[in-house]
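A short write-up of the structure that comes next.
Every number for a ligand or one of its atoms is a count from 1 in the order of the listing.
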Amino acid sequence: MTSSNDIRATFLDYFARNGHEIVPSAPLVPRNDPTLMFVNSGMVPFKNVFTGQERRDYLRATSAQKCVRAGGKHNDLDNVGYTARHHTFFEMLGNFSFGDYFKEQAITHAWTLLTRDFALPKDRLLVTVYHSDDEAASLWRKIAGLPEDRIIRIKTDDNFWRMADIGPCGPSSEIFYDHGPHIAGGPPGSPEEDGDRFIEIWNLVFMQYVEDAAKTLTPLPRPSIDTGMGLERFAAIMQGKHDNYDTDTLRALILASAEASGTDPDGPHKTSHRVIADHLRATAFVIADGVLPSNEGRGYVLRRIMRRAMRHAHMLGQRDPFIYRLVPALIRQMGVAYPELPRAEPLIVETLKLEESKFATMLERGLALLDDEVARLGATAPLPGAVAFKLYDTFGFPLDLTEDALREQNRTLDRPGFDTAMAEQRARARAAWAGSGDAATETIWFDLKETLGASEFLGYSMEDSDATIT
Ligand code: ATP
Ligand code: MG
Ligand code: MG
Ligand code: MG
């Protein structure tokens, strides 16, 4: 079996042999972009190189980049544990050309690596291109010999990439693997595409324009390449699995969770083990890169992930701190590739243990309250917003934790009601201040508090933007 560690090495080695500089993963906290919560793709550390603001002494690079998608524009948190292919933390393998080679070579490299070095069967692969990108379509025909029906033209922005509202952009091409007709789902662009049969493994971005404020596209004199392949999704294929969670790294964590809790890894607690395995990785890597749980910004994203995992540990019957016990298993799997993990081990263990023990009582009491409230509702009635707010405000339940708990009963919560309860509480806080003295100062204080988001609400208030830090 090809291990995840071997796949990472083979990928980097292929591109190094083809003139690419191997660049180590940047930390998860972006250095060059204060508007971004966490690095969420391989190109983030190279943003300024693509825009020309920064020069490096190489024109081609390759990396295995740590990524987190648990907030902002790319938020996969709600999928984790439930789909075969999403994680909050994952590794993105990539190759980059900074004004050096372009479309033809990018496609050639991807195809050669997949079908020659990794020996994937050609008839399992299909690709998408942006509907107007005839050049990419004909290159896929020429280089890969793909028939017309496996070069799918997509009209949506899924196949047109933009760095931001203005700046570098261009069409993209996504490579999919067909896991076979025994799995539900249709090809990309079809009505059934939400299934897990066809899984996107690699995304090639052809950065060939700059866009201005009037949305005019001007061709770049020296176009660039940015690609990203999910290591876990690719490992699933290479290891003959359909599900990322059945690959070596994640399976080892699931088994550790099952063993430590004395439960069946594949029984009724399956989802909990998956969520714990995923969230353990995200937690450990985020802490190793210097973030601690808190009530705002990055620290709150971390706290949400940790608390969400804790509810699943509770479902496994664990009433004492549990997740911290799984850290050694993670370090066995990933500590060689990421030495920051063993270096930060004591901090990761202590932070988890402390956070787990601090939240235990509130979790227990909040879950009891939730059970009581749900018992009074009709089978399909959403949880009232006021209850979700009480759980949030009094018991420290992040909104997504409550949603995750309700999901098992196919129940939703009244989000507008939650927002109203939140707004009312803010208004009460404001009123409590009124008359205490200097009105102007108070206004400034509350305005600041609301714009800076000095509350736990920050983590939710800007879901449509990556600019989650203000
Ligand atoms: P999807 O459509 O499946 O959500 P995406 O188009 O959002 O994926 P990209 O932004 O193109 O993903 O990222 C490049 C690659 O990184 C993807 O092709 C996939 O292999 C991998 N990837 C993206 N998101 C995740 C995730 N949450 N967990 C694991 N791998 C991921
Ligand atoms: Mg996505
Ligand atoms: Mg996609
Ligand atoms: Mg993609």
Side-chain angles (χ1 to χ4, degrees), residues 4 7-8 11 25 28 36-44 63-96 106 110 113-114 118 120 125-130 152 154-163 169-179 185-190 193-207 225-238 241-247 249-250 274-275 277-279 281-282 285 301 305 463-464 466:
S4 296
I7 293 170
R8 188 192 303 106
F11 185 99
S25 175
L28 282 165
L36 189 65
M37 273 280 183
F38 292 108
V39 171
N40 57 17
S41 74
M43 65 77 61
V44 170
S63 66
Q65 175 62 47
K66 301 181 274 187
C67 295
V68 166
R69 293 191 177 182
K73 194 167 76 184
H74 292 288
N75 185 0
D76 290 332
L77 186 60
D78 294 334
N79 288 326
V80 168
Y82 303 96
T83 73
R85 68 180 201 279
H86 286 106
H87 307 288
T88 54
F89 170 90
F90 63 99
E91 289 176 80
M92 201 185 284
L93 305 171
N95 58 292
F96 308 92
L113 180 57
L114 290 178
F118 285 118
L120 288 191
L125 295 166
L126 59 164
V127 301
T128 61
V129 297
Y130 192 53
I152 299 164
I154 303 281
K155 280 195 170 152
T156 64
D157 277 356
D158 271 357
N159 282 68
F160 197 90
W161 178 90
R162 293 179 166 81
M163 191 182 286
C169 61
S172 71
S173 190
E174 295 186 327
I175 305 173
F176 286 75
Y177 184 81
D178 179 1
H179 280 269
S190 76
E193 73 170 322
D194 279 344
D196 273 339
R197 172 173 168 184
F198 296 87
I199 291 194
E200 176 190 333
I201 50 173
W202 201 348
N203 198 126
L204 316 182
V205 176
F206 311 124
M207 247 181 254
I225 290 293
D226 151 32
T227 87
M229 176 206 269
L231 173 61
E232 299 76 5
R233 292 184 190 187
F234 193 65
I237 296 168
M238 293 303 295
K241 309 289 184 195
H242 167 245
D243 192 313
N244 290 5
Y245 290 84
D246 291 331
T247 59
T249 309
L250 285 146
R274 292 159 71 92
V275 172
D278 174 88
H279 290 10
R281 289 211 306 172
F285 274 94
V301 175
I305 294 172
E463 265 176 3
D464 294 327
D466 265 339

*Out of N95, L114, I7, which one pairs with M229 under the side chain to side chain contact (heavy atoms under 4.5 Å, CB included) rule?*
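Going through N95, L114, I7 one by one, the side chain to side chain contact (heavy atoms under 4.5 Å, CB included) with M229 is satisfied by L114 alone.
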Do me a favour and list the nearest non-hydrogen protein atom to [atom] with residue, atom name and distance?
atom: atom 12 (O) of ligand 1; result: R69 NH1, 3.5 Å
atom: atom 27 (N) of ligand 1; result: D76 OD2, 2.6 Å
atom: atom 22 (N) of ligand 1; result: F90 CE1, 3.5 Å
atom: atom 28 (N) of ligand 1; result: H87 N, 3.0 Å
atom: atom 19 (C) of ligand 1; result: R233 NH1, 3.5 Å
atom: atom 11 (O) of ligand 1; result: N203 OD1, 2.8 Å
atom: atom 17 (C) of ligand 1; result: E200 OE2, 3.5 Å
atom: atom 4 (O) of ligand 1; result: H86 NE2, 3.1 Å

_Candidate with minimal heavy-atom separation from atom 15 (C) of ligand 1, of S172, C67, G228_ =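 Nearest heavy atom to atom 15 (C) of ligand 1 lies in G228.
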*asked:* Any nitrogen or oxygen of R85, side chain or backbone, less than 3.5 Å from one on ligand 1?
replied: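 Yes, R85 has an N/O under 3.5 Å of an N/O on ligand 1.
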*If you measure every N/O of M92 against every N/O of ligand 1, is any gap under 3.5 Å?*
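There is no such contact.
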_Pi-cation contact, Y245 with R274 (under 6.0 Å, within 45°)_ =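 Yes, a cation-pi geometry holds between R274 and Y245.
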*Of all N, O or S atoms in E200, which has the smallest distance to the Mg ion (ligand 3)?*
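It is OE1 of E200.
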*asked:* I need the single residue from K66, R281, R8, Q65 that forms a side chain to side chain donor-acceptor pair (under 3.5 Å) with E91. Which is it?
replied: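 Only one option passes, and that is R8.
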*For E174, counting its heavy atoms only, list the atoms of ligand 1 lying under 4.0 Å from any of them.*
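Matching atoms, with element in brackets: 6 (O).
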*For I201, counting its heavy atoms only, list the atoms of ligand 1 lying under 4.0 Å from any of them.*
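Every atom of ligand 1 under 4.0 Å from some heavy atom of I201: 18 (O), 20 (O).
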*asked:* For F234, which part has a heavy atom under 4.0 Å from ligand 1: side chain, backbone, both, or neither?
replied: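 No part of F234 is near ligand 1 at this cut-off.
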*asked:* Residue-level breakdown please: for T88 versus ligand 1, do any non-hydrogen atoms fall below 4.0 Å on the side chain, on the backbone, on both, or on neither?
replied: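 Contact part for T88 vs ligand 1: neither.
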*Taking the six-membered ring for Trp, are the ring centroids of F176 and F198 within less than 6.0 Å of each other?*
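No - the distance between ring centres of F176 and F198 does not fall below the 6.0 Å cut-off.
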*Run the ring-centre check on F234 versus F118 and record whether the distance is less than 6.0 Å.*
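That pair passes the under 6.0 Å test.
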Using modelled atom types and a 3.5 Å cut-off, is there a donor and acceptor pairing between side-chain atoms of [X] and backbone atoms of [Y]?
X: S173; Y: L204; answer: no
X: R69; Y: D76; answer: no
X: T88; Y: H279; answer: no

*So, D158 and the Mg ion (ligand 3): N/O/S under 2.8 Å, yes or no?*
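Short answer: no, not a single N, O or S atom is under the cut-off.
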*Nearest 0.5 Å, what's the CZ-OG distance between F285 and S25?*
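It comes to 8.5 Å.
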*Identify the heavy atoms of S172 and F160 that sit nearest to each other, and give their distance.*
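The answer is OG-N, 4.1 Å.
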_Which heavy atom of A70 sits nearest to which heavy atom of L77, and what is that distance?_
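Between these two residues, the closest heavy atoms are CA-CB, 4.4 Å.
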